[in-house]
Amino acid sequence: MLIKRPADIPASEITPEHIYLRRRELMAGAGLFAAGALLPTGLGASEAGSPLEARPATPALAAKGFYTDEKKTPFEDVARYNNFYEFGTDKGDPAKYADALTVDPWSVAVEGEVARPGTYPLEDLLTGIDLEERIYRLRCVEAWSMVIPWIGIPLHKLLAKLEPTSKAKYVEFTTLYRPEEMRGQRSRFSTIDWPYMEGLRMDEAMNPLTLMATGLYGRELPKQNGAPFRLVVPWKYGFKSIKSIVKIRLTEKQPRTTWQELAPQEYGFYANVNPNVDHPRWSQKYERRLPNSLFDPNRIKTRMFNGYEEQVAHLYKGMNLRRYY
Ligand code: MTE
């Protein structure tokens, strides 16, 4: 099911079938160039010039917030210290149990205020949009942080393909509900009303920083990090970056979101990283940048909008950020 009409796609963007069918490479961003160097995808040079080629890092892209030169968190930490309550509440649970998840085939339902609703195989949603590498800070509301090299497509490009109607004011995202594979969803102790849900205001969704990730570190997204398709919103607390998405719905009204429903006094809809507004139970002024240890806590100051103030502050002009936390 092709969404973009072939006539709309420049020849340079059409994915040859042999590459299109190689889903694994597609999800990992095979042929991507990162900072001018080929990522370790194991592909031969002949395939490096595929449509999945990304632009090399330039000062102009860094100014857009697409890259940071801060030290990247090692892959091992990114893939072993996770929050993914569908697999348990311990940081090590997702890496231990997410293997049970079937991610291929994967389809995404598109509903609500769009001209092109439907249920799309994930490959079709990605086709015709160049994968890009983004090196973002991720700041969890629990006051730890990482720097992660993601691969994905900007959400605004996907939305352009789906054609939101003029009534679309918000984007709602839903995670897979499959208790037989997600042990946290069948746990008697879980307090979450599954499936996990998140949402963004339309202008937040359209911001060039907002990414739909399919990979990280030049590889397919590990299951514990939200394979095969997750949101990454780098200026918001990590819980907004919903994993393993199966539904995208465009709405007129602000969607319900999991954490706001669970503890509205602690987690707001906006959840912008803000060192001046503390969580009711802890300060948000500092964060522990991973990797760290008891002896080297690697404590750094948290920045307004997680350091993306220049790119996103205008979205909240005139808003009381203490009220809309
Ligand atoms: N998405 C789902 N479906 N379930 C979750 O429990 N946890 C969130 C977010 N997305 C979560 C989720 C939280 S609290 C954080 S901090 C990030 O995922 C963590 O992403 P990472 O494990 O890839 O670092």
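Starting from 1, each residue takes its place in the sequence as its number.
The side chain to side chain contact (heavy atoms under 4.5 Å, CB included) check on Pro164 picks up Leu159, Ala168, Met202, Leu250, with sequence neighbours excluded. By the salt bridge (Lys or Arg N to Asp or Glu O under 4.0 Å) test, Arg256 is found to be paired with Glu261, residues two or more places apart in sequence or in another chain being considered. Applying the salt bridge (Lys or Arg N to Asp or Glu O under 4.0 Å) criterion to Glu113, with sequence neighbours excluded, gives no partner residue. For Arg299, the side chain to side chain contact (heavy atoms under 4.5 Å, CB included) partners are Tyr286, not counting sequence neighbours. Residues passing the salt bridge (Lys or Arg N to Asp or Glu O under 4.0 Å) test with Arg139 are Glu287, sequence neighbours excluded. Checked against salt bridge (Lys or Arg N to Asp or Glu O under 4.0 Å), Lys243 has no partners two or more places apart in sequence or in another chain. Partners of Lys285 by side-chain hydrogen bond (donor to acceptor under 3.5 Å, both in side chains), not counting sequence neighbours: none found.
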Could you check Tyr170 against Phe269 for side-chain contact (heavy atoms from CB on, under 4.5 Å), going step by step and ending with a plain yes or no? CA-CA 12 Å; Tyr170 295 89; Phe269 176 80; 4.0 Å; yes

Just do the side-chain contact (heavy atoms from CB on, under 4.5 Å) check on Thr302 and Gln284 with the steps written out, would you? CA-CA 7 Å; Thr302 289; Gln284 293 292 25; 5.6 Å; no

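Within the structure, salt bridge (Lys or Arg N to Asp or Glu O under 4.0 Å) contacts touching residues 184-213 (residues at least two apart or in different chains) are Glu198-Lys240, Arg201-Asp203, Glu204-Lys236. Applying the salt bridge (Lys or Arg N to Asp or Glu O under 4.0 Å) definition to pairs two or more places apart or across chains, none involves residues 72-83. Applying the salt bridge (Lys or Arg N to Asp or Glu O under 4.0 Å) test to every pair with at least one member in residues 302-325, sequence neighbours left out, gives no pairs at all. Note on residues 92-103: pairs passing side chain to side chain donor-acceptor pair (under 3.5 Å), not counting sequence neighbours, are Thr102-Glu181. Sorted by first and then second residue, the pairs that involve residues 81-91 and meet side chain to side chain donor-acceptor pair (under 3.5 Å), not counting sequence neighbours, are Tyr81-Arg288, Asn83-Lys91, Asn83-Glu142, Lys91-Glu142.
In this structure, CG in Leu122 is found 9.0 Å from OG in Ser107, a value given to the nearest 0.5 Å. The CG atom of Leu211 sits 10.5 Å away from the NZ atom of Lys157 when rounded to the nearest 0.5 Å. Atom-to-atom distance recorded for Ile135:CD1 and Leu61:CG is 11.0 Å, nearest 0.5 angstrom. Considering CG of Leu262 and OG1 of Thr191, their distance stands at 4.5 Å, rounded to 0.5 Å. Once rounded to the nearest 0.5 Å, the distance linking CG of Asn274 with CE of Met304 reads 3.5 Å. In this structure, OG on Ser241 lies 11.5 Å from CG on Asn225, to the nearest 0.5 angstrom.
Criterion: ILVMFWY side-chain heavy atoms under 4.5 Å apart, direct or through other members. Under it, Val277 and Val312 are not part of a common hydrophobic cluster. When hydrophobic clusters are built by joining Ile, Leu, Val, Met, Phe, Trp and Tyr residues whose side-chain heavy atoms come closer than 4.5 Å, directly or via intermediates, Tyr325 is not grouped with Trp282. Met197 and Tyr177 are members of different hydrophobic clusters when ILVMFWY side chains are connected at heavy-atom separations under 4.5 Å.
Taking the ring centroids of Tyr316 and Phe305, they lie under the 6.0 Å cut-off.
Of the options Asn272, Asn207, Asn306, Thr210, a side chain to side chain donor-acceptor pair (under 3.5 Å) to Trp235 is made by Asn272 and by none of the others.
Between the side chains of Trp259 and Tyr196, at least one donor N or O lies within less than 3.5 Å of an accepting N or O. Donor-acceptor pairing under 3.5 Å is recorded for the side chains of Tyr136 and Arg134.
When the shell of 6.0 Å around CG of Asp296 is examined, it contains more than 12 heavy atoms from other residues, nucleotides or ligands.
The shortest heavy-atom contact between Phe173 and Leu231 is CE1-CD2, 3.9 Å.
Remark: the backbone N or O of Lys247 is not paired with any side-chain donor or acceptor of Glu111 at under 3.5 angstrom.
Val114 is not listed as a side-chain neighbour of Thr165, based on a closest heavy-atom distance of 4.5 Å or more.
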